[in-house]
J.: 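Once you've had a glance at the structure underneath, I'll fire off some questions.
So that the names make sense, note that chain A is the first sequence line, chain B the second, and so on, each numbered from 1. Keep in mind it's a predicted model, so treat the numbers as computed, not measured. Atom set for the values below is all heavy atoms of this structure, side chains included, hydrogens, waters and symmetry mates excluded.
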Amino acid sequence: EDQVTQSPEALRLQEGESSSLNCSYTVSGLRGLFWYRQDPGKGPEFLFTLYSAGEEKEKERLKATLTKKESFLHITAPKPEDSATYLCAVQPYSGGSNYKLTFGKGTLLTVNP
Amino acid sequence: NAGVTQTPKFQVLKTGQSMTLQCAQDMNHEYMSWYRQDPGMGLRLIHYSVGAGITDQGEVPNGYNVSRSTTEDFPLRLLSAAPSQTSVYFCASSYSKGGRITGELFFGEGSRLTVL
């Protein structure tokens, strides 16, 4: 069974204080790992796809990295508008299961001005 | 630029009532899915479809039915609502790339359901 564990559950930062969110996973063959951002009362919004260990993707103050067992979402000099819940999901490679993404419970990030 | 549209946004039901949550997408995506999101549980897959006429079960399918008669629409039916089905429901769609469905899901705004 595929599993995704995100830590910490909640993180509070001051504006400009860089940090990282963690996503540990177990999957029977990784097709892709995905990061999403979810604002209160809204649906998740896609951020990044990572396919193989060593891969990195960047978007503004966010950078996602991938190893064989975990992914990190690095937030550099965050701003209050980066406050949201960040979700990690994995897509397995095997047969019909590649249609089923498994999500972690998310990290609630709060950035104070 | 509608994307994925869900209706209704809010609904209150009594135990035993039935209802349908509507989902429509205008991006011509083959893949559509329904998730529920509960506090402390994360997003869990209920049912999904990889094209018109094709549906399959996800992680938590009991108590829900789906059908896919067109590419655009993927309604979720609650047959006999129970308090355990109180949740926020999200519809999501995606496209294929290199012959495979990607995990880059486009989500609707959600439907908040309360079952009394």
J.: Which pairs pass salt bridge (charged side-chain N to carboxylate O under 4.0 Å, His left out) with one or both residues in residues 65-80 of chain A, sequence neighbours excluded?
T.: none
J.: Measuring heavy-atom distances to chain B, does A:L47 have an atom under 4.5 Å in its side chain, in its backbone, in both, or in neither?
T.: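 No part of A:L47 comes within 4.5 Å of chain B.
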J.: Might you confirm whether atom CD of A:E81 has over 12 heavy atoms from other residues, nucleotides or ligands at distances under 6.0 Å?
T.: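 More than 12 within 6.0 Å, yes.
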J.: Count the heavy atoms of every other residue, nucleotide or ligand shown that sit under 6.0 Å from CD of A:E15, and state whether that count exceeds 12.
T.: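 It does: A:E15 CD has more than 12 such atoms within range.
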J.: Among A:G43, A:P44, A:A89, which has the most heavy-atom pairs under 4.5 Å with chain B?
T.: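 Heavy-atom pairs under 4.5 Å are most numerous for A:P44.
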J.: Please find the pair of heavy atoms, one from B:E104 and one from A:F34, that lie closest to each other, and give the distance.
T.: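 Taking B:E104 first and A:F34 second, the nearest heavy atoms are N-CE2, 3.9 Å.
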J.: Could you list all the disulfide (SG to SG under 2.5 Å) pairs where at least one residue sits in residues 4-114 of chain B, not counting sequence neighbours?
T.: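 Qualifying pairs: B:C23-B:C91.
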J.: Same cluster or not: are B:Y35 and B:L76 linked, directly or through other Ile, Leu, Val, Met, Phe, Trp or Tyr residues, by side-chain heavy atoms under 4.5 angstrom apart?
T.: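 In one cluster with B:Y35: B:L76, no.
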J.: State whether the side chain of A:K105 and the backbone N or O of B:G42 hold a donor-acceptor pair below 3.5 Å, judged by distance alone.
T.: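 No: the side chain of A:K105 does not pair with the backbone of B:G42.
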J.: Give, as side chain, backbone, both or neither, the part of B:T102 having an atom under 4.5 angstrom from any heavy atom of chain A.
T.: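 For B:T102, the contact with chain A is made by the backbone alone.
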J.: Heavy-atom distance under 4.5 Å to chain A: side chain of B:L43, backbone, both or neither?
T.: both
J.: Among residues at least two apart in sequence or on other chains, which ones pass ring pair (Phe, Tyr, Trp, His ring centres under 6.0 Å) with B:Y64?
T.: B:Y89
J.: Do A:W35 and A:L11 share a hydrophobic cluster, counting only Ile, Leu, Val, Met, Phe, Trp and Tyr and linking them when any side-chain heavy atoms are less than 4.5 Å apart?
T.: yes
J.: Could you tell me the separation between the CZ atom of B:F90 and the NZ atom of A:K42, rounded to the nearest 0.5 Å?
T.: 10.5 Å
J.: Tell me the residues of residues 107-116 of chain B whose non-hydrogen atoms fall below 4.5 Å from those of chain A, in number order.
T.: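 Result: B:F107, B:G108, B:E109.
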J.: Quick check: is B:V66 connected to B:V60 through a chain of hydrophobic side chains (ILVMFWY, heavy atoms under 4.5 Å apart)?
T.: yes
J.: I'd like to know if the side chain of B:E59 and the backbone of A:K100 have a donor-acceptor N/O pair within less than 3.5 Å.
T.: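 It does not hold such a pair.
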J.: Could you state the interatomic distance from OH (B:Y31) to CG (A:L101), rounded to the nearest 0.5 Å?
T.: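 Output value for this atom pair is 6.5 Å.
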J.: Out of curiosity, does A:Y86 fall in the hydrophobic cluster containing A:L13 (side-chain heavy atoms, cut-off under 4.5 Å, transitive links)?
T.: yes
J.: Which bit of B:F106 comes within less than 4.5 Å of chain A, counting heavy atoms only: side chain, backbone, both or neither?
T.: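 Nothing of B:F106, per the 4.5 Å heavy-atom cut-off to chain A.
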J.: Does A:K57, at its NZ atom, have more than 12 non-hydrogen atoms belonging to other residues, nucleotides or ligands within less than 6.0 Å?
T.: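 More than 12 within 6.0 Å, yes.
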J.: Does atom CZ of A:R61 have more than 12 heavy-atom neighbours from other groups under 6.0 Å away?
T.: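 Yes.
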J.: Kindly give the heavy-atom pair with the smallest separation between B:L105 and A:Y36, and that separation in Å.
T.: N-OH, 2.8 Å
J.: Need one label for A:Q6: side chain, backbone, both or neither, based on atoms under 4.5 Å from any heavy atom in chain B.
T.: neither
J.: Are B:L45 and A:V4 joined in one hydrophobic group, where the rule is that I, L, V, M, F, W and Y side chains link up if heavy atoms are under 4.5 Å apart?
T.: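 Hydrophobic grouping puts B:L45 apart from A:V4.
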J.: Decide yes or no on side chain to side chain contact (heavy atoms under 4.5 Å, CB included) for B:M41 and A:F103, but give the supporting numbers first.
T.: CA-CA 9 Å; B:M41 298 294 291; A:F103 280 83; over 6 Å; no
